[in-house]
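Below you'll find the structure, written out as structure tokens, and then a few comments.
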Protein chains: 2
Amino acid sequence: MTVATTRDLRQQNRTKVLRTLVLSGETTRATLAADCELSPATVTNVVNELIDDGVVEEIGSVPSEGGRPIARLALRAAGAHMLGADVGERGVAVELFDLSMNRLDREFREWPVSMAGPAEIHESLGAAVAAVRARHPEVEATLVGLGLGLPGVVERDHEHWQEATLYAQNLGWAPTPVGDLVSAPGLEVFADNGANTLAVAEMWFGAARGADDAVVALLGRGIGLGVICGGQLVRGALGAAGEWGHTKIGLGAGPTCGCGATGCLEAYIGAHAILERWRATGAQEPGEGWRALSALVAAAEAGEPAAIGVVDETLDVLAVALANLVNLTNPERIVLGGWVGLRLLPTRRDDLTERVRRLSLHRPGSQFTVELCRFEGDSVALGAALMPLQAFIDRPRVRERAAVR
Amino acid sequence: MTVATTRDLRQQNRTKVLRTLVLSGETTRATLAADCELSPATVTNVVNELIDDGVVEEIGSVPSEGGRPIARLALRAAGAHMLGADVGERGVAVELFDLSMNRLDREFREWPVSMAGPAEIHESLGAAVAAVRARHPEVEATLVGLGLGLPGVVERDHEHWQEATLYAQNLGWAPTPVGDLVSAPGLEVFADNGANTLAVAEMWFGAARGADDAVVALLGRGIGLGVICGGQLVRGALGAAGEWGHTKIGLGAGPTCGCGATGCLEAYIGAHAILERWRATGAQEPGEGWRALSALVAAAEAGEPAAIGVVDETLDVLAVALANLVNLTNPERIVLGGWVGLRLLPTRRDDLTERVRRLSLHRPGSQFTVELCRFEGDSVALGAALMPLQAFIDRPRVRERAAVR
DNA sequence: CCTCTTAATCTAAGTCGTGAAGTAAGGAGG
DNA sequence: CCTCCTTACTTCACGACTTAGATTAAGAGG
């Protein structure tokens with residue numbers, strides 16, 4: 001993103017305008033000028049370019065205060081299309097979005113075997129992508145790329161999206177180049193950790209919207225995290241940042257985690273650990289997963305002491321971990337999601353907020369709000385599709401690219 | 001830092017060149033062009049401007065491979081001057097730097113009373129600044145500003161350096177506007193937390209140099225931290241980020257901290273806690289501070305079991321805390337300093353590295369190196385002076401500023 | 001003295017954003 | 001229907017910028 005020539009300047013302004021349009025959906029030229037800090041003349045130029053490229057259109061007008069009506073500007077939804085894939089525990093979901101991030105199609109494939117490996121991913125993912133593309137031949141011309149939300153650490157060199165490598169340590173896979181996970185002829189492929197894509201989705205369109213400094217935590221079987229600093233996702237040196245589940249919080253003591261260590265956050269408040277604790281109170285075997293957790297929450301709401309104890313304990317640990325994060329990153333917003341979080345927290349949000357405030361330092365501790373994720377679990381694919389969208393937004397205008405080639 | 005007009009463009013290129021010059025001290029035009037990704041012509045233009053402004057000078061030439069000699073470019077050290085202040089536990093140190101960050105002068109004033117408050121700071125700081133300025137009347141014309149490294153959270157609105165407020169919760173002070181801490185007529189004042197300024201110093205000229213993602217931890221009486229992500233210090237929503245000392249690592253258990261909570265990192269590995277543990281083993285009362293710690297380290301190196309145990313325990317806890325940080329931010333480098341760190345770690349660095357690797361996840365855990373701070377304790381003022389330096393670098397050329405006024 | 005090599009600068013051309021001036025588009029009043 | 005007014009947007013002349021390529025600077029070797 002180095003700006004050096006006057007041409008880069010134009011491209012950067014184009015990016016600014018396009019980004020603002022994607023975020024607001026619809027505006028006017030004057031508003032755009034104010035939001036992007038550009039002169040009206042520049043906005044006219046850039047917008048004309050965008051209209052030329054079929055990315056933006058005028059949709060009627062709004063009466064002004066006594067003068068010429070204000071033209072309403074909107075994205076031309078069909079101007080670009082993105083594919084996003086959620087490679088999850090049970091299968092792979094591929095979704096097709098237009099420029100307004102409307103979901104046009106979805107294809108889900110369960111893994112053929114219980115615990116899939118790179119080979120199964122390759123097959124199912126390729127098939128799902130092909131199926132969606134076959135159903136929508138009209139978008140081929142405007143298809144920007146395919147984003148993958150993957151389970152595990154996705155490592156890449158700075159700025160080299162391609163040549164990324166997936167390390168799914170907890171699934172026991174060998175390091176796998178992302179290129180081996182999918183063959184999508186003619187498509188640029190982007191990849192990131194699923195929690196990161198979800199955090200980006202919340203940042204663009206969800207509960208973290210507008211917050212330059214936020215923390216998005218996902219509570220499920222595992223514990224995921226995306227940290228946003230200064231409007232950007234923290235990726236670290238090689239994109240492995242945001243691994244929160246194995247934060248040691250019990251100092252040598254505490255339950256044993258799947259990773260072999262003791263005192264990991266996940267070993268306290270991962271879904272399995274929560275239910276295990278409930279079981280240990282003598283509750284009748286409630287199984288695993290969503291139903292069991294629902295039963296726990298219902299029992300707690302019904303006033304059952306054992307269940308209340310388990311939930312309280314979970315909130316305690318979560319609050320400590322969040323408070324540590326608050327002290328460290330001074331966020332403006334904490335966003336909580338994941339299926340466990342979305343089941344457990346709606347009724348306890350204020351309680352949790354209170355605990356986190358109490359456990360963090362006075363200053364950073366008084367500056368955040370706690371929100372729940374806007375999107376239920378299936379926004380990993382949406383977030384993944386935001387990677388090609390970002391690339392599209394950052395790209396110089398279509399014609400020039402064509403001319404360069 | 002929004003670039004919108006062509007003028008901003010020039011200024012940004014100027015900034016790039018100047019920054020590179022400050023970092024490298026001396027270069028040539030061609031190297032500059034490569035480093036800044038600018039064309040030779042642009043570099044010539046910008047450099048001419050800088051020479052005009054008295055900030056850069058040609059200092060002889062290097063023979064080239066058979067052709068015209070290459071002109072050596074260097075900063076004109078006298079082109080600008082900065083003041084940095086370290087407001088610490090024992091007193092205030094004010095230092096004067098030139099553009100090459102040579103320290104030209106230093107003035108230290110102890111607090112008149114044991115625990116100073118805002119009023120004493122105002123007096124001592126003002127006197128020290130005045131003394132240094134009086135001794136160097138020749139720098140007045142090129143004095144850019146005064147940077148303060150303060151003990152406590154410095155809060156400010158995004159981009160509003162002025163109007164910052166100091167919250168020194170642990171010193172028991174009421175929130176104090178930075179403007180009330182110093183009167184420095186005619187000087188622009190910048191302020192930040194001391195740990196942050198030190199981290200910035202290490203980032204510019206010390207052990208974290210060249211690392212875009214790093215973590216700088218300071219071990220002393222308290223525990224400080226500066227996190228660098230993507231080449232920039234993480235400040236959080238209001239600049240309160242990086243509070244690491246009160247990270248709860250003992251989950252409800254653990255020693256009681258000065259802040260009232262239990263299990264804080266500082267309560268394990270703060271200087272006081274370390275020495276307290278040693279005392280608990282029956283060691284003869286060794287006092288407090290540097291001498292006591294030195295005695296502990298010496299005893300450990302001499303093979304005294306109790307001392308070894310205390311040091312090992314300290315490293316254990318530190319390793320856990322660092323591993324958590326590694327998982328979270330995936331740094332390329334960990335830099336350790338503070339007087340405790342600098343006494344304790346030189347002989348145990350590899351040991352600590354090993355422990356952190358073992359406790360962190362495989363991927364982020366295999367990508368960092370551990371370094372010790374280059375600057376002994378007194379680099380807070382240097383780091384503080386980097387704030388005005390940064391402002392100077394980011395500023396458009398002198399004449400235009402004069403013209404605008 | 002000439003030629004060769006490399007470094008730095010200059011020149012012409014092209015691009016960009018801006019502010020001022022001009023145009024478009026509606027409403028109000030006659 | 002016409003004129004005038006208001007507001008929204010566009011055009012244009014201008015200055016500032018970068019760049020590619022030509023030119024000059026400065027030494028080495030023959």
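The analysis underlying the following values was restricted to heavy atoms, covering all of them including side chains, and did not include hydrogens, waters or symmetry mates. Convention: sequence-line order gives letters A, B, ...; per-chain numbering from 1.
- Considering only side-chain N and O atoms, Thr42(B) lies under 4.0 angstrom from the phosphate OP1 or OP2 of dT19(D).
- Distance from the side chain of Pro40(B) is smallest to dT9(C) among dT9(C), dT18(C), dT18(D).
- Positionally, the nearest nucleotide of DNA chain C for Asn45(B) lies more toward the 5' end than for the other of Ser61(A) and Asn45(B).
- Comparing atom distances between the Arg29(A) side chain and each of dC9(D), dA8(C), dC16(C) picks out dC9(D) as nearest.
- Among the nucleotides dA8(C), dC9(D), dC17(D), the one closest to any side-chain atom of Ala71(A) is dC9(D).
- Of the side-chain N and O atoms in Thr6(A), none sit less than 4.0 angstrom from OP1 or OP2 of dT15(C).
- For dT9(C), neither phosphate oxygen OP1 nor OP2 lies less than 4.0 angstrom from any side-chain nitrogen or oxygen of Arg68(B).
- When the side-chain nitrogen and oxygen atoms of Asn13(A) are compared with OP1 and OP2 of dG17(C), one or more of them lie within a distance under 4.0 Å.
- Using a distance-only test at 3.5 Å, with no hydrogens or angles considered, a donor-acceptor pair links the side chain of Glu202(B) to the main chain of Phe375(B).
- A salt bridge links Arg156(B) with Asp192(B): the closest approach of a Lys/Arg side-chain nitrogen to an acidic carboxylate oxygen falls below 4.0 angstrom.
- Contact check, Arg7(B) against dG15(D): no side-chain N or O comes under 4.0 Å of OP1 or OP2.
- Residue Thr44(A) places no side-chain N or O under 4.0 Å from the OP1 or OP2 atom of dC9(D).
- For Glu65(A), counting side-chain heavy atoms from C-beta on, the closest listed nucleotide (dA25(C), dA25(D), dT7(D)) is dT7(D).
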